[in-house]
Amino acid sequence: MVSRWGWLLLQVTRRLWFRATLISLLAVAAALLSLVVSPYLPQGLSAQIGAGAVENILNIIASSMLAVTTFSLSTMVAAYAAATGNVTPRATRLLIEDTTTQNVLGTFVGSFLFSLVAIITLAMGAYGERGRVLLFAVTIFVVLLIVVTLLRWIDYLLRLGRVSETTQQVETAAAQAIRGHVERPCLGGRPISPAEARLRPGGRSVFCDRIGYVQHVDMRALSSVADKAETEIVVEAVPGTFIDPGHLLARFNGDEDHEPAIRAAFTIANERSYDQDPRFGLAVLAEIASRALSPGINDPGTAIDVLGRAVRVLAIWTNEGRNGEPAFPRVLVPEIEMADLVDDIFTPIERDGAGLAEVQIRLHKALAALARAGDGRFRDVAIQRSRLALQRAETSLSFRPDFDRVRAAAQLVGADPVAGQPARAPASG
């Protein structure tokens, strides 16, 4: 489990400026390295390999990389705007943190600074003939790196900001968060149901001091406090919870002196984060589908695509193991209820696509797949969700044959909410 400081460091490494700065420093170090290594190279090597042309090459790199970087930044801004308008603003953060984009811009900026430092050092006459040899070799390597990066960048630009590509990134983030929960349920703490948490005896309550969303909980810090106080800590605000100064963060039986340490274990920000919040990724997928089903966009195919992705993401949850001992047994964390996961992704699609038979059919088939997946823990929730979706469809589908197809698809989930009424098999899709 990542500590609070480790998690904050992870957020820094995801910033665009971090990779660009790191690669730029490496490029500048490579240019200055020639000054140190040049005394160990043999005389006359510069004339043999044509190292005198290095200044012309550096001038080309300096002028071209500045233009390429400017063009790339404008393209990225356009892609972010397209993703915000056509997908959802909550997905833009994933595009900004994309490692491919950051590596490309870091390479371009680093190459520009490398050439700039090398040109200045050459003008000072600091390299000498032997220093030019090593600088020439490093410059050739930088040129090859630029060519490879440009080819990758051209291929990536063809997909950057597209609905399918952005949806894939959201699915990957959601799957990663759920997989993390599968590997360590309840953040590594001892599971407790929300009902049991409410019924536990009171104790000292720890409140937050600001308004926002819980992004990260430092379980190791909470466990350390619980060990020192020789008590148990009940977490009341899991990642993704919207809290205010009147909302409980945690409860414990102990001294008031431990409250600041417990409060510091909760990282609160203005937006939700994908890392420890499995429900957030599902909610963003639902937003993508809802936007696609809006009258202004009218793209039911994207909603159908999201339903397929939702099944893949939720299927990971069915492999969740409960046999391992919790890493932090003194910290009690409410379990995420399966009904909430299903509601997060299916309810918006069920509501906004109630009048589209093809979306409703795919929705019931997705619920049927979940009902069959893994150990069947989604079965009861899927059946209940299917019944509610069928009631919505009945009020929205005025053409009876369309509703019959939807009802037949609902029967695949494992329950027949309208037994005795005729229905024909749904069309494939």
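Heads up: numbering here begins at 1 and tracks the sequence. Source: prediction; values computed, not measured.
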Check whether [X] reaches the backbone of [Y] with its side chain - one donor and one acceptor, N or O, closer than 3.5 Å.
X    : Y    : value
Q276 : V217 : yes
R190 : P329 : yes
T70  : L66  : yes
T241 : V214 : no
S72  : V68  : yes
T347 : D343 : yes
R162 : L158 : yes
E271 : R90  : no
D244 : G246 : yes
S294 : R291 : yes

Roughly how far, to the nearest 0.5 Å, is the [atom2] atom of [Y] from the [atom1] atom of [X]?
X    : Y    : atom1 : atom2 : value
I268 : R263 : CD1   : CZ    : 9.0 Å
L367 : L412 : CG    : CG    : 11.0 Å
T139 : E55  : OG1   : CD    : 11.0 Å
E259 : I262 : CD    : CD1   : 7.0 Å
H258 : L222 : NE2   : CG    : 12.5 Å
T267 : D218 : OG1   : CG    : 7.5 Å

Minimum heavy-atom distance [X]-[Y], with the two atoms named:
X    : Y    : result
F266 : A237 : CE2-O, 3.4 Å
A286 : I345 : N-CD1, 3.6 Å
S115 : L58  : CB-O, 3.5 Å
R279 : D344 : NE-OD2, 2.6 Å
G353 : Q360 : O-NE2, 3.1 Å
Y274 : V284 : OH-CG2, 3.6 Å

Legend entry - Stepwise side chain to side chain contact (heavy atoms under 4.5 Å, CB included) test for H216 and D275: CA-CA 8 Å; H216 180 267; D275 295 325; over 6 Å; no
Inset, instruction - Verify side chain to side chain contact (heavy atoms under 4.5 Å, CB included) between I316 and V182, making sure each step is shown before the conclusion. - result: CA-CA 8 Å; I316 302 173; V182 169; 4.1 Å; yes
Does any part of the side chain of [Y], heavy atoms only, come nearer than 4.5 Å to the side chain of [X], both counted from C-beta?
X    : Y    : answer
W317 : R377 : yes
I233 : V225 : yes
R351 : S290 : yes
L293 : L356 : yes
I96  : Y80  : yes
L370 : M338 : no
V87  : E287 : no
V342 : F378 : yes

Inset, instruction - Could you tell me how the ring of F108 sits relative to the ring of W153: parallel (under 30°), tilted (30 to 60°) or perpendicular (over 60°)? - result: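 The arrangement is perpendicular - the two ring planes meet at more than 60°.
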Inset, instruction - Take F207 and H247 through the test side chain to side chain contact (heavy atoms under 4.5 Å, CB included) and record every step on the way to the result. - result: CA-CA 6 Å; F207 293 90; H247 194 290; 5.8 Å; no
Is [X] salt-bridged to [Y], cutoff N-O under 4.0 Å?
X    : Y    : answer
E358 : R362 : no
R93  : E97  : yes
R330 : E230 : no

Inset, instruction - Using a cut-off of 6.0 Å, state whether more than 12 heavy atoms not belonging to F71 lie near its atom CZ. - result: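 Counting other residues, nucleotides and ligands, CZ of F71 stays at 12 neighbours or fewer.
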Legend entry - Over 12 foreign heavy atoms within 6.0 Å of CZ, F141: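 No, because the 6.0 Å sphere around CZ of F141 holds 12 heavy atoms or fewer from other groups.
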Indicate every side-chain donor-acceptor pair of residues 307-315 with a distance under 3.5 Å to a residue at least two apart or in another chain.
{"from": "R309", "atom 1": "NE", "to": "D305", "atom 2": "OD2", "distance (Å)": "2.8"}
{"from": "R309", "atom 1": "NH1", "to": "Q168", "atom 2": "OE1", "distance (Å)": "2.7"}
{"from": "R309", "atom 1": "NH1", "to": "E171", "atom 2": "OE1", "distance (Å)": "2.6"}
{"from": "R309", "atom 1": "NH2", "to": "D305", "atom 2": "OD2", "distance (Å)": "3.4"}
{"from": "R312", "atom 1": "NE", "to": "E171", "atom 2": "OE2", "distance (Å)": "2.9"}
{"from": "R312", "atom 1": "NH2", "to": "E171", "atom 2": "OE1", "distance (Å)": "3.2"}
{"from": "R312", "atom 1": "NH2", "to": "E171", "atom 2": "OE2", "distance (Å)": "3.4"}

Inset, instruction - Go through the steps to decide whether T69 and F112 satisfy the test side chain to side chain contact (heavy atoms under 4.5 Å, CB included), and finish with yes or no. - result: CA-CA 9 Å; T69 302; F112 171 74; 5.6 Å; no
Establish, from distance only, whether the side-chain atoms of [X] and [Y] form a donor-acceptor pair under 3.5 Å.
X    : Y    : value
Q215 : S273 : no
Y213 : D277 : no
R159 : S164 : no
T302 : D299 : yes

